[in-house]
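Heads up: the structure comes next, in structure tokens.
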Amino acid sequence: MSFPLLTATAALPAIGAVATAAVPAARRTAAKWLALAFSLATLVLAGIALARFEPGGARFQLTESHAWIADFGVRYELGVDGIGVALMALTALLIPFVILAGWHDADPLETNSSRWRPTQGFFALILMVEAMVILSFEATDVFLFYILFEAMLIPMYFLIGGFGDRAHTGSDENAAAQRSYAAVKFLLYNLVGGLIMLAAVIGLYVVAGSFSLSEIAEARANGTFSMATGTERWLFLGFFFAFAVKAPLWPLHTWLPNAMGEATAPVAVLITAVVDKVGTFAMLRFCLQLFPEASKWATPVILVLALISIVYGALLAVGQRDIKRLIAYASISHFGFIILGIFAMTSQGQSGATLYMVNHGISTAALMLVAGFLISRRGSRLIADYGGVQKVAPVLAGTFLIGGLATLSLPGLAPFVSEFLVLVGAFAAYPAAGIIATTGIVLAAIYVLVLYQRTMTGPVKAEVQGMADLKVRELVVVVPLIALLLFLGVYPKPLTDIVNPAVQHTMSDVQKKDPQPEVEAAK
């Protein structure tokens with residue numbers, strides 16, 4: 001029996017979470033190093049899985065299948081295609097940086113306190129989220145995916161509500177109330193989406209007799225299974241609603257600015273760069289593969305919602321006074337681009353959407369983590385409380401600028417490639433949608449450059465005068481992310497080679513072909 005690599009990749013951080021939580025209360029530093037060690041070991045396993053994946057091979061590789069709840073047809077089935085393995089690697093890559101960036105975020109505010117903010121719990125929860133997200137990218141059984149889709153809400157709820165941002169302008173009681181509100185709102189929105197999805201999952205089993213993607217695909221190919229048009233559309237809506245909440249797509253997005261604003265910067269990265277990717281990934285994996293006709297039927301409405309997300313998120317980012325909420329609204333705009341690429345139903349659009357998921361994860365992590373370092377020094381999230389930072393902390397300002405330029409998709413940085421492909425794919429199939437989406441690029445330039453100008457340039461404010469530059473630990477977090485943005489910006493081929501075959505499979509599922517350009521005959 002071959003080594004269960006996918007199971008090991010997800011099990012290792014789960015084991016690490018238990019081990020970290022078990023470290024004695026007084027040994028906080030040991031808990032941090034243990035969590036970091038498990039995250040690095042998970043990264044090694046994810047790298048091995050990425051290396052063993054053959055882009056030109058079978059659709060799902062490194063597969064595992066075992067009976068789980070036999071009476072209900074539920075199996076423990078895992079497998080990764082090019083999209084899943086890329087996002088699994090992204091998750092494993094980001095978690096060590098999240099842990100390093102949050103090294104002191106759960107330290108007690110009072111010396112010798114052993115009760116306030118259990119450090120062990122903070123890092124154990126991060127590892128538990130990693131385990132569930134990785135396994136969700138690997139699951140090819142719909143019921144198994146649903147369990148993971150819902151279960152990851154529990155550790156995220158405690159990370160948002162129990163370990164909020166210390167840079168709060170109000171009283172401690174007000175800060176606690178805001179954290180609680182953000183955590184409950186996050187949980188309720190996602191739980192409602194999950195409950196609607198559960199009804200659709202049960203409905204799928206009733207009509208298909210299986211939760212297995214491979215079995216359903218085989219039965220459809222053999223002509224032994226088909227869904228009535230009305231049934232397929234209702235089931236699609238149940239799945240899509242849950243994924244749109246997680247994504248987050250307008251108008252189901254309102255939980256995200258609260259959650260990212262009140263969470264610590266590393267947890268905010270965990271939300272938007274890791275957990276939210278499960279929503280857009282699931283649109284490709286489940287909506288398009290299980291419900292191809294319904295996906296095409298719903299495309300016009302979904303494209304409108306995606307365009308609203310792009311423009312609305314960017315406009316609200318322009319008007320923000322809070323650094324972290326600005327980045328949150330920018331992410332809503334970026335997720336609009338991802339969903340636009342998915343439902344443009346072109347190979348360029350879907351390749352761009354998948355690359356966007358990876359590149360957005362890296363660029364948002366870089367920008368948010370540097371913003372977190374900045375906020376921790378000043379103790380404020382308000383843009384107006386900064387000015388002239390580049391004169392006293394030039395490295396911090398420089399890395400902040402690079403993260404911002406990546407967010408606005410500057411050519412030469414990784415997000416440019418993905419955004420360009422999304423727009424090309426959208427223009428090819430829906431020219432009007434492509435034109436409207438380009439306004440998001442202009443607005444992104446405004447909110448990023450204005451943010452940099454107001455915080456980093458101009459006279460040095462008195463509160464900023466003694467601000468320290470980035471330290472070694474912080475540079476270890478930021479420099480590799482910037483290096484990746486540069487590398488994938490000039491040479492995205494290693495990623496596109498992995499992703500493109502999976503995109504072609506998805507295009508085949510929905511029976512779509514790329515529109516052919518109209519060429520006038522020579523006279």
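Worth knowing before you read on, the calculation uses all heavy atoms, side chains too, and leaves out hydrogens, waters and symmetry mates.
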Using the side chain to side chain contact (heavy atoms under 4.5 Å, CB included) rule, take Val74 and Leu144 through it: C-alpha gap first, then chi angles, then the decisive distance, then the call. CA-CA 8 Å; Val74 180; Leu144 174 62; 5.5 Å; no

Apply ring-ring contact (aromatic ring centres under 6.0 Å, His included) to residues Phe337 and His360 and explain how you reach the verdict. CA-CA 11 Å; Phe337 276 105; His360 172 264; over 10 Å; no

Which heavy atom of Ala263 sits nearest a heavy atom of Ile271, and at what distance? CB-CD1, 4.4 Å

Return the minimal non-hydrogen interatomic distance between Thr9 and Thr42, and the atom names on each side. O-CG2, 3.5 Å

Test item: [X] side-chain N/O and [Y] main-chain N/O as donor-acceptor pair under 3.5 Å:
X: Gln61; Y: Gly79; answer: no
X: Lys324; Y: Pro257; answer: no
X: Thr280; Y: Lys277; answer: yes
X: Asp81; Y: Phe60; answer: no
X: Asp141; Y: Leu78; answer: no
X: Glu64; Y: Thr7; answer: yes
X: Ser333; Y: Ile310; answer: yes

Rounded to the nearest 0.5 Å, what separation is found between the [atom1] atom of [X] and the [atom2] atom of [Y]?
X: Ile402; Y: Leu481; atom1: CD1; atom2: CG; value: 11.5 Å
X: Leu153; Y: Tyr189; atom1: CG; atom2: OH; value: 14.5 Å
X: Ile134; Y: Glu130; atom1: CD1; atom2: CD; value: 4.5 Å
X: Leu396; Y: Phe373; atom1: CG; atom2: CZ; value: 8.5 Å
X: Phe97; Y: Leu94; atom1: CZ; atom2: CG; value: 7.5 Å
X: Asp276; Y: Asn190; atom1: CG; atom2: CG; value: 8.0 Å

Counting C-beta onward and ignoring hydrogens, is there a side-chain heavy-atom pair between Ser363 and Leu413 closer than 4.5 Å? no

Flag if over 12 foreign heavy atoms under 6.0 Å of [atom1], [X]:
X: Arg52; atom1: CZ; value: no
X: Tyr452; atom1: OH; value: yes
X: Trp68; atom1: CH2; value: yes

Give a yes/no verdict on a cation-pi contact between Lys32 and Phe123, requiring under 6.0 Å between NZ or CZ and the six-membered ring centre and an angle within 45° of the axis. no

For a quick check under 3.5 Å, do [X] and [Y] share a side-chain donor-acceptor pair by atom type?
X: Ser65; Y: Glu77; result: yes
X: Ser331; Y: Thr272; result: yes
X: Tyr430; Y: Thr299; result: no
X: Ser210; Y: Ser212; result: no

Set out, in order, the CA-CA distance, both residues' side-chain angles and the distance that settles ring-ring contact (aromatic ring centres under 6.0 Å, His included) for Phe291 and Phe286, then state yes or no. CA-CA 8 Å; Phe291 315 110; Phe286 297 103; 9.3 Å; no

Parallel, tilted or perpendicular, judged at 30° and 60°: which one describes the rings of Phe143 and Phe211? tilted

Do the rings of Phe145 and Phe149 sit parallel, tilted or perpendicular, given the 30° and 60° boundaries? tilted

